[in-house]
> 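Below you'll find the structure I mean.
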Number of protein chains: 4
Amino acid sequence: MDKQDYLQHLINAGEEDVQLTPKQAKILEAAIEIFAEKGYAATSTSEIAKKAGVAEGTIFRHYKTKKELLISIVTPGIIKLTVPFFADQFVSEVFKERSESYEQLLRKIIRNRFEFVQKNVPLLKIIIQEMAFHEELKQSFQSIFIKKIFPKFDEAVTQFKKDGLIVDYPSSSIIRFTMTTIIGFIITRFLILPEAEWDDDEEIDRTIRMLMHGIQPDS
Amino acid sequence: MDKQDYLQHLINAGEEDVQLTPKQAKILEAAIEIFAEKGYAATSTSEIAKKAGVAEGTIFRHYKTKKELLISIVTPGIIKLTVPFFADQFVSEVFKERSESYEQLLRKIIRNRFEFVQKNVPLLKIIIQEMAFHEELKQSFQSIFIKKIFPKFDEAVTQFKKDGLIVDYPSSSIIRFTMTTIIGFIITRFLILPEAEWDDDEEIDRTIRMLMHGIQPDS
Amino acid sequence: MDKQDYLQHLINAGEEDVQLTPKQAKILEAAIEIFAEKGYAATSTSEIAKKAGVAEGTIFRHYKTKKELLISIVTPGIIKLTVPFFADQFVSEVFKERSESYEQLLRKIIRNRFEFVQKNVPLLKIIIQEMAFHEELKQSFQSIFIKKIFPKFDEAVTQFKKDGLIVDYPSSSIIRFTMTTIIGFIITRFLILPEAEWDDDEEIDRTIRMLMHGIQPDS
Amino acid sequence: MDKQDYLQHLINAGEEDVQLTPKQAKILEAAIEIFAEKGYAATSTSEIAKKAGVAEGTIFRHYKTKKELLISIVTPGIIKLTVPFFADQFVSEVFKERSESYEQLLRKIIRNRFEFVQKNVPLLKIIIQEMAFHEELKQSFQSIFIKKIFPKFDEAVTQFKKDGLIVDYPSSSIIRFTMTTIIGFIITRFLILPEAEWDDDEEIDRTIRMLMHGIQPDS
DNA sequence: GATGAATGAGCGTTCATTCAT
DNA sequence: AATGAATGAACGCTCATTCAT
């Protein structure tokens with residue numbers, strides 16, 4: 001099984017949530033909720049067990065250590081969060097046909113990821129928090145980003161630049177700015193100000209317009 | 001002492017790092033470093049004491065609890081990080097005279113905050129991480145943002161919009177997009193990819209250009 | 001379950017020492033011994049654990065706090081010590097039939113409590129010592145005394161006074177003097193001078209005789 | 001300085017509260033109050049220092065250890081509490097002249113000790129509590145009792161017995177019963193039910209009458 | 001004499017993990 | 001597979017005591 005396959009496997013596992021016993025599902029569910037609320041380090045396994053309605057020992061039957069439980073949540077989480085940036089079927093089509101603009105590509109991506117995050121806020125919170133403290137999670141993320149996201153993104157940007165549809169800045173800068181804008185919006189929307197009143201469709205549109213045309217008029 | 005004065009006091013205290021005994025300084029220094037590296041919850045007071053070269057009891061002579069130590073680090077940190085967004089003298093001048101553009105205002109802000117973060121990376125990391133888990137820190141931040149940053153930002157954006165220098169989107173959207181772009185750049189630069197090769201001046205320029213004009217040419 | 005039943009339940013629980021795991025029994029045993037010897041506050045849980053032959057954590061699995069451990073010892077102890085003053089079957093009989101004198105009632109009580117204390121010296125010591133510092137224990141004791149001991153004692157004394165068998169002093173004074181004499185004897189016997197040579201039967205007799213007739217002859 | 005002299009010295013020291021700096025007096029005062037309230041082991045020196053209004057170090061300048069502070073309180077306390085049982089001038093007179101009865105001797109003693117305790121409740125509490133846990137205090141007490149109290153008490157009882165004024169029981173029993181009655185009354189009065197309504201003169205009288213004549217009439 | 005910062009041992013308690021059932 | 005009692009290391013924190021000022 002080469003690395004590609006391994007990732008593919010993880011993706012499938014992630015998307016389809018393979019065979020989990022009901023207890024295991026309960027444990028994961030409880031752990032995600034509490035990890036998101038208090039952070040991994042501040043969460044006790046007994047708390048997870050209680051919330052999941054299982055005995056403490058049961059957790060350790062399925063996950064050798066507390067850390068393995070975290071990784072079992074975060075690693076598939078990273079994949080489910082990042083890979084669809086370019087793996088999504090619509091996106092692929094748009095991108096392959098290039099019949100549509102960069103703007104439309106971004107709109108698809110942002111809409112798709114918006115919906116995913118909307119249903120997985122706690123997971124996103126855990127990923128952001130814990131990646132900062134666990135080297136192996138950071139590696140996981142970087143590896144996926146470098147292998148799956150960046151090349152496609154780079155390819156797209158390069159092509160659009162060649163077609164004269166986006167400015168001729170270094171791809172890395174354009175990608176960074178694009179991702180910063182998308183992620184910044186999503187984090188503001190769901191983590192920083194989730195309780196503000198949002199007109200989501202309008203705000204997505206405006207965000208993409210600002211991303212494409214900036215905030216200076218007539219420019 | 002009214003609220004303004006109090007904040008001013010905090011800012012001064014912050015900038016000048018008032019009267020700290022040498023041991024207290026050592027403790028803060030050590031705590032900042034370890035909190036940033038492993039997170040507050042995963043850091044033990046004995047570890048801080050060892051790194052600071054003091055007895056564990058000494059920490060508790062200066063800070064009643066471990067949490068108080070965290071707050072003693074983060075609260076002034078938030079102030080030092082956020083208030084200068086608009087309290088900086090140059091920025092104030094630029095803004096008052098409006099002899100220069102929004103672009104130049106942003107350039108001043110981004111340069112100023114860039115330099116601050118450069119010298120305080122661990123502090124930034126702690127602020128971002130721990131605000132997520134400690135309600136009082138979130139409140140601190142929100143209070144400062146709402147009282148000190150947002151009104152000035154709003155005033156500036158409203159004026160520039162009236163002058164036709166920036167697009168007529170809701171101020172909240174423009175502010176969010178602007179901050180997302182600045183913060184996203186700084187976080188990418190110092191926390192996510194600190195070891196990449198960065199031409200900082202060039203990247204700051206490019207970031208502001210993208211922020212102002214978007215990534216679509218001739219538009 | 002009304003109050004009566006509840007107390008009865010506690011008494012039974014007390015007398016039969018319901019279901020205790022062996023480790024729990026070991027912990028109680030060790031705690032009683034050390035609390036009696038050094039006092040609650042001066043006893044460390046690690047010491048108890050060592051003497052009980054269990055891990056320190058095991059104590060806290062059975063008793064949430066050190067204080068809860070104390071209360072688990074003292075509260076049933078108070079009940080076992082006080083309630084039988086008048087709940088004892090023989091005493092009840094004597095008292096009901098009144099075929100016998102106050103003297104004989106006291107003799108039964110003193111003999112019965114003497115034997116109980118003989119087997120529970122450390123428990124008595126803990127009760128006396130700790131009731132002074134823990135309001136809830138004092139309350140426990142007062143509640144039992146007021147509800148279970150005093151009314152019966154009062155009834156008996158009133159009856160015997162009416163029958164002209166004891167002097168017409170206020171019942172409270174007679175009860176206080178009686179208890180003081182009994183308790184004073186038992187404490188002297190077991191706590192203050194346990195190592196003196198005692199002819200217990202003779203001393204009990206003499207104590208009751210002094211209690212009944214005073215120390216002045218022919219009077 | 002032989003033992004007698006030493007005791008005499010202690011007694012004087014006790015009665016006259018020799019040369020104490022004001023700070024030292026404050027410390028003793030604070031310590032007595034807190035030791036009585038929470039017990040020696042549960043009292044921290046910092047608490048004493050705070051209540052006394054001195055620095056923590058100051059306590060240790062006057063008393064090498066916390067325990068020495070306790071002993072400085074309790075040892076003179078024991079003396080002041082016990083020695084006057086027979087050292088009191090009036091008592092001495094009564095006893096020497098034997099112009100009066102055992103009853104009157106007791107009345108003098110009980111009145112005298114009643115007044116002393118009334119002004120020194122916390123001290124009494126500390127003595128009772130801490131004698132149970134500190135061997136040296138118990139020794140102190142026993143030594144004083146055996147050397148100063150018992151011989152005089154014994155002498156008196158023997159004499160009164162010879163004169164046919166009290167029953168011919170062993171002196172030890174009579175002394176124990178007498179002390180138990182006096183101490184039991186005082187402890188009930190000041191420690192167990194201090195807040196009940198007491199007609200002190202009446203109760204002292206009744207106590208002595210019960211002590212002398214028992215509770216059985218016509219006897 | 002008086003201070004109070006500093007100490008480090010020891011406290012009560014929690015925790016992730018093990019294992020006999 | 002699931003349990004939950006048991007573990008003992010480690011935690012945050014307090015304490016009596018020391019000592020330079």
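Lettering of chains follows the sequences in order, A, B, ..., and the numbering in each one begins at 1. Side chains are part of it too, since the values below use all heavy atoms of this structure and drop only hydrogens, waters and symmetry mates.
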> Identify whether any heavy atom of Thr65(C) sits under 4.0 Å from a base atom; if not, whether one sits that close to sugar-phosphate; answer base, sugar-phosphate or nothing.
sugar-phosphate
> Mind calculating the distance between CZ (Phe60(B)) and P (dG8(E)) to the nearest angstrom?
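After rounding, the gap between these two atoms is 15 Å.
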> What contact category does Ser44(C) fall into here, base, sugar-phosphate, or nothing, at under 4.0 angstrom with non-hydrogen atoms?
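Result for Ser44(C) = sugar-phosphate.
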> Quick check: closest heavy atoms across Tyr63(A) and Glu68(A), and the distance to 0.1 Å?
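Shortest heavy-atom contact: CA-OE2, 3.6 Å.
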> Please give me the minimum heavy-atom distance between Ala49(C) and Glu56(C), naming the atom from each residue.
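Residues Ala49(C) and Glu56(C), closest heavy atoms: CB-CA, 3.7 Å.
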> Starting at the 5' end of DNA chain F and moving along, which residue's nearest nucleotide shows up first, Lys23(C) or Ile59(A)?
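Closest to the 5' end, via its nearest nucleotide, is Ile59(A).
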> Measure from CD1 on Ile48(B) to P on dG8(E) and round the result to the nearest Å.
17 Å
> According to the Watson-Crick and G-U wobble definitions, with both distances under 3.5 Å, which nucleotide is paired to dC13(F)?
dG10(E)
> Taking heavy atoms of chain D and a 4.0 Å limit, find me the 5'-most and 3'-most nucleotide of DNA chain F within that range.
dC15(F) to dT18(F)
> Without hydrogens or angle criteria, can the side chains of Lys67(A) and His134(A) be said to hold a donor-acceptor pair below 3.5 Å?
yes
> Could you tell me the Watson-Crick or G-U partner of dT7(F), where both distances fall under 3.5 Å? Say none if there is no partner.
dA16(E)
> Determine, for Tyr40(D) and Lys66(D), whether the Lys NZ or Arg CZ falls below 6.0 Å from the six-membered ring centre while staying within 45 degrees of the axis.
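Geometry flag: set, cation within 6.0 Å and 45°.
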> Compare the minimum distances between each of dT3(E), dA2(E), dT7(E) and the side chain of Arg61(B), then state the nucleotide with the smallest one.
dT7(E)
